[in-house]
Amino acid sequence: MAPRTPGADLPEHPDWLWHSPDPKPSYDVVIVGGGGHGLATAYYLAVNHGITNVAVLERGWLAGGNMARNTTIIRSNYLWDESAGLYEHALKLWEGLEDELDYPLLFSQRGVLNLAHSLQEVRDGVRRVNANRLNGIDAEWLDPHQVAEICPILNTSPDLRYPVLGATWQPRAGIAKHDHVAWAFARALDRMGVDLIQGCEVTGFERVGDRVVGVNTSRGPIRAGKVALAAAGHTSVLADTLGLRLPIQSHPLQALVSELLEPVHPTVVMSNSVHVYVSQAHKGELVLGAGIDAHNSYSQRGAFHTIEREMTAAVELFPMFARAHVLRTWGGVVDVTPDASAIMGLTPFEGLYVNCGWGTGGFKSTPGVGWCYAHTIACDEPHPLNAPFSLERFTTGALVDEHGAAGVAH
Amino acid sequence: MAEPYAESPLATYTEVLSRHSVPGRIDIAERPFVAQVDVRVDPKSPAAERIGTALGAMLPNQPGEVAVAGELSVLWLGPDEWLILGPEGSQETIQDTVNAALDGDHAAVVDVSANRTILSITGPKTRELLNKGCALDLHPRSFAVDRCAQTMLARAGVILVCRDTQLPSYWVIVRSSFARYVADWLADAAVEYGSGSG
Amino acid sequence: MSNEFRLADRGRIDRDRPIRFRFDGGDYEGYQGDTLASALLANGIHQVATSIKHGRPRGIMAAGAEEPNALVQIERPFPEPMLTATTVELREGLQASGLPGRGQLSTGDDPARYDTMHAHCDVLVVGAGPAGLAAALSAARSGARVIVAEADTEFGGSLLGSGETLDRAPGTEWVRRATAELAACPEVRLLPRTTVFGHYDDNYLVALEHRGEQAHSRQRVWRMRAREVVLATGSHERPLVFAGNDRPGTMLAGSARTYLNRYAVRPGNRAVVFTTNDSAYAAAIDLADAGVEIAAIVDAREVVSTHWASLCIERGITIHADTAVVSTSGTDRVSSAHLCSLRSDGSRTPSVRQVVGCDLLLVSGGWNPAVHLHSQARGSLRFSEDIGAFVPEQDVRSVRSAGAAAGLFATSESLRSGAEAGRDAARAAGFDAEPGRLPRAEKAPVLASRSVWLLPSPADSDGSTRFVDLARDVTVADIRKATRAGMDSVEHVKRYTTLGTAHDQGKTSGTLSTGVIAEMLGRDVAELGTTTFRAPYTPVTFAALAGRDRGDLYDPVRVTAMHDWHVEHGAPFENVGQWKRPWYYPRPGEDMETAVLRECRAARESVGIQDVSTLGKIDVQGPDAAEFLDLVYTNMMSTLKVGRIRYGVMCTADGMVFDDGTVTRTDEQRYLISTTSGNAAGVLAHLEDWLQTEWPHLRVYLTSVTEQWATIALVGPDSRQVLSRVASGIEVGNDSFPFMSFRDGLVAGRRARVCRISFSGELAFEINVPWWYGREVWEALHEAGQPFGITPYGTETMHVLRAEKGFPIVGQDTDGTITPDDLGMSWAVSKKKTDFLGKRSFSRADTARTDRKQLVGLLPADENLVLPEGSQLVDTAELPEPPVPMLGHVTSSYRSAALDRGFALAVVKAGRDRIGETIYSPVGDRLAAVTITEPVFYDKEGARRDG
Amino acid sequence: MMLIPCPWCGPRNEIEFHYGGQADVHYPSDPRSTSDEDWAHFLFFRDNPKGVFTERWSHAAGCRRWFTVHRDTVTNEIHPDDSASAARTVTR
């Protein structure tokens, strides 16, 4: 018998994960959305603030939204201080999460390259690297030769239509296995007595004046001391039932995987201007993401030409991928704000908290969001790290504009 | 001082294009220096009517319609925009004619003769060749003679004109700065039909 | 001995065209018409690979794309990972090897070409089996434009392998006639070897055509827009779950029948057939008649079909009803099947009653309609108890399923439903269609099948050798572990076990696993449902999707009229958007810095020449043109006099700088505005947006004329003399031709518009001539400038010159967060105008702050230092612990020939109030001291622009 | 690849168009007297319905006209009742 292919299968999951209880009539805190953010928030509510009389409500299957659909990239090398602070806090938590949750998260700090293809992208990259360093974030600027040393299969030839002129490099960045992360939080919550309720769609809110006191769900009304929204692309739908307007738009974001391949790609490569980002997951499949489709959509599917363009960029940058095969494509619904930064904080309604607009940054921010959002909910005031991400900034004009330097901020 | 000479956007591509043409299957060639005048005017205005009279053909009011008047072709580009094509050197005359007909009414008459150039593609393989990068339905039922459309050919915006459905023959009108890209793209697409040899 | 298992007669292989190939190092022979799998079987080879997790030997299970086991790595003609032997067409020189789980990519570049084709049709028929052909015929006969796409190398579908008769002739004969008739229709396009792998919005379907290694393009992606679609995609046979159900020699019954009838391959000598439905009997009978000993037919049903029973009796085949195969034995090949009665008499735990020796074990657990495209088209599914599978609940608008894809398995039903679907589709597309006459198919009475998920398992109680997903090595034990861990949705179990995530995306295991999970959870299969079907239906190579948009065709290369001149004079180019712009013109032995210093000196001291044709140009006309421009520019344009030029800034409504350029008033109601090179299309779109949707009452027309004009900047103290040598009809003197005005005249004999604008601070002229004359006039100016040492320069020198004057570049010194005031351009922001785009945003709390980041100049204490662009700026000479407060960053930085030192532009918090102060910039591992200055470094009083 | 009905040129592939988001977002009649909050809503706040959305598209690669359609953001189906005339009238 041939030896089993090393690494072609993942570490075993634990023998027990979570129960599926029926909702109780009331909780101290109800979190709407059983994705990564909802679960992480419930987790830190419990461990940082001792609040465990909590229900996490999920309309479908647990962590079945963007948490199950993202390309699992984790990095913190954002331009602006506000973003860098939050994402770096997240990254530090990531670094201890596997032990804390006692679950193989396959967190692999293999580094992330953000390629520059024009002189302006070089300026932006250098600017970001310098800002990152002063913010205490590991970051380096690499010339094409250094890029090739880190990722030899990358085409760094000057003959490319848009040649690689350099790249930013964050060694501590990397990837993790999304399902494992969600399930690790879920298992921990289950043990701490937090109710994870699936197939429970929130249809509206119970109000007393401007105070939110509960939610109406497909499984009946649930009273709550506090209600925290963590529904990503569907946040608008929920907020609309309160007449609460949010500056977010929901767009399709697509990704795809190849068949299992022998290891060829040692790191994570992202290219904003040619709209592709790629890593090779632990089992050996290539995981690729594309740019966001321009139109609003809740369809969890995007346009095919987006995939075609992504493949073109992929084979231009990685000629050896030519005969790899696309096995499966899929789409998620990402909620995007005008400045490509998130919204997290209080709302005009007492007892209602909002966390949305993470666009393509949702997965990497997971523990950081959980930490800060839990603080916001427990203390009824934003954590210093998420204070800049308030709704007010759109009125004052104090945006945290990650477009300029981050483009497709995956 | 050097002798005056004019250079069309594909002047240096003549040889490339002929090399990528295949007798009896596909012929690709530039039609340089065609006079082109862009006209913007309210189609319902008297001015529009006067322009039509002056040109000898009413400004077509159907999307994608091409009106022909002697040596002139008038292409519908938009609800209030037309492109008049005429023989080399006639752009001044065309502008004078239109401006005279306007008699000061609100409109825009702009010489765009050098803004675009024209690639003529003829032969049995033409539709297939174009459909490698053009998503329009080029079937004669859908895109007949003297129809035009602004659309994409590969990654360049073009104006496509059907000149003949039998040969068939089409014009690809492309921005001068994109002309070489489109020519390269067409040449590469034509290799399948045995072109490019020698 | 070669082709030992090949039958002398029958089959659709061409025995006159033998093909030599190599597999796992061994040399074999097959025939034209073989797949790699059929050729291997003909040579007695069943084991193709080993399994991914447990390394168990795995054989050929199926005859098509649903194959879960037989994975191969192609080595020649060119390495390609992870194809199924059942879909690889045999060709001369093919070299492949079995794949244990992970494929290898070639390190060499793929020499093959790939391309793309758009197509339109009234009716797209997916699949050319009996249903598809019938559909295509009734649609084609109506005159509709029809495309028939079939994944297989030839049309016929199930008829190729079943050996059925139609109108008492071989079914393949009808296939031949039908195909010929379709081929004769001018409006029909037949696409064999073409797999439709995705359905997208508005009946946009994408397909992959395998055109062959020798073809001009190896693979072609079809982008098809169909008015109506008929899905005749057939069905996939389902295996059964018992211990050791993965041993080589275990094969789907229908596939065995295909190998026999289509490829003339005898898949074994002694077979046991295990089924839950009638279809496997046909295989058993065919195999028996071809000389394969059928040791037993094991039927899970209590009652078996009398029709098939009598046929078996005639051939002396024993049938075990209400019985199951529960385990097998064998090492690299199945050697016996272990039978167990399903009759449940309560007490007794099931035990193996009989062991039957065999080298072939045919299984049939029923058939799954291939509903993938229906589901992608947002069609809903329902679980049919009759056939124990998910079928389309109802057709989606303009997408119809027919034949086996709709759960209609009998050939007569396929033909009928196909013909009707074809007719309905054609009618919906506006054609007068009739189903037409259909051939008569043999009709065997069909006895209901029995849906069996979990079988009793005396041999393997924990289920660790009962495989549900062979491709992923997922067993009953794995699934039980998942459900016991609390997983109660198919999606969770799939992710817990990796069920259905392999190359086949669960074609054979999907419904089966749902059934097993349902049984473990004690819930209905129907309620549990399937996982989502996603494109692609079968794997597609990356390169095929990339098509021809590769290399230089990846994105258009935009060039100016003078491009070749720049190439001939050795300029490297900078990508600016899609444009290629000359960066600098090095002389032999010069590096970039030397060349740029030389170019700068020339422009400041004698004369330089630059191609600025890439600047966007928009003609703005109409009675309300002035009012319109007042609304979109921050400064006043209505007061501009005819013949004069003004610099203008555009903001978006949120007050941030969007673009800048010059505005030239050529007539009372006509302006020509210029935009930055990379943003021309963006500006036009921005203007059209506001004009059409917010101010439709304004009588203004916008026309892009960017490429109408070739534009040449003639820059430097000697520029006037150079121009005077070639210009006629233009008074070039300063009084008659003042700064920021234009003149029309002749330059080098060509009608030209000459503008006196300067982006360098020097005396400068911008000469515009129609594109056609660009190179000619450029060369004339270059020649006329020789006595003055005229020097062509590129974007880098242009950047240095403008930076010395403190002129910002939008996109470099701004980043979408900078207002005109931040740039120190309040002078360009009208105080008089009641409103313009961006005005209101300036008064927002944050935007109105006086300590915003502002554009300033920087002079490094070390005069030789050129700060790296992108350097950050801090307050202290020593770096405190992070996070370190940042004041701003360096946006532009160069060595100046004029100043003979390094200098920079930067945006700095409250910078204008800090002029004269020293701040610091981390450069490498040191902190460089820099002094904040006015952004204007050179000729502050602007004395030079008039020469 | 959606087929977007340009009211002038007819249905064309999605890639020929530029997306404009929510339609009928009117520029405040008097920005000076508009509060910061209302101005922020004009600039940044848009409907984001799960269902029918009244949105703007521009036929960028064609006639360059802006127009309005009603599209279901779940199915991407564009309302058939979009008469040309209705679609041709467009506001921000």
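Throughout, a chain's letter reflects where its sequence line sits, starting with A, and its residues are numbered from 1.
A salt bridge links C:Lys481 and A:Asp15; the closest N-O separation between the charged side-chain nitrogens and carboxylate oxygens is under 4.0 Å.
Using a 4.5 Å cut-off between heavy atoms, A:Ile153 makes no contact with chain C at all. Only the side chain of A:Leu286 has a heavy atom closer than 4.5 Å to any heavy atom of chain C. Using a 4.5 Å cut-off between heavy atoms, C:Pro880 makes no contact with chain A at all. For C:Met487, the part lying under 4.5 angstrom from a heavy atom of chain A is the side chain only. Interface remark: C:Leu879 contributes side-chain atoms only to the contact with chain A (heavy atom separation under 4.5 Å). Contacts between C:Gln505 and chain A at a heavy-atom distance below 4.5 Å involve the side chain alone, from C-beta outward. Contacts between A:Glu308 and chain C at a heavy-atom distance below 4.5 Å involve backbone atoms as well as side-chain atoms.
With chain C as the partner, the residue from A:Thr395, A:Asn130, A:Thr396, A:Val126 showing the most heavy-atom pairs under 4.5 Å is A:Thr396. Contacts with chain C were tallied for A:Ala314, A:Gly64, A:Ala313; A:Ala313 has the most, counting heavy-atom pairs under 4.5 Å.
Annotation: ring pair (Phe, Tyr, Trp, His ring centres under 6.0 Å) contacts of C:Tyr920 (sequence neighbours excluded): none. Shown here are the ring pair (Phe, Tyr, Trp, His ring centres under 6.0 Å) partners of A:Tyr298, two or more places apart in sequence or in another chain: A:His234.
Within a 6.0 Å sphere centred on CG of A:Asp81, other residues, nucleotides and ligands contribute more than 12 heavy atoms.
Figure legend: A:Arg328 and C:Tyr537 shown without cation-pi pairing, the cationic atom not lying both under 6.0 angstrom from the six-membered ring centre and within 45 degrees of its axis. For A:Arg127 and A:Trp80, the positive end sits near the middle of the six-membered ring, less than 6.0 Å away and at most 45° from its axis.
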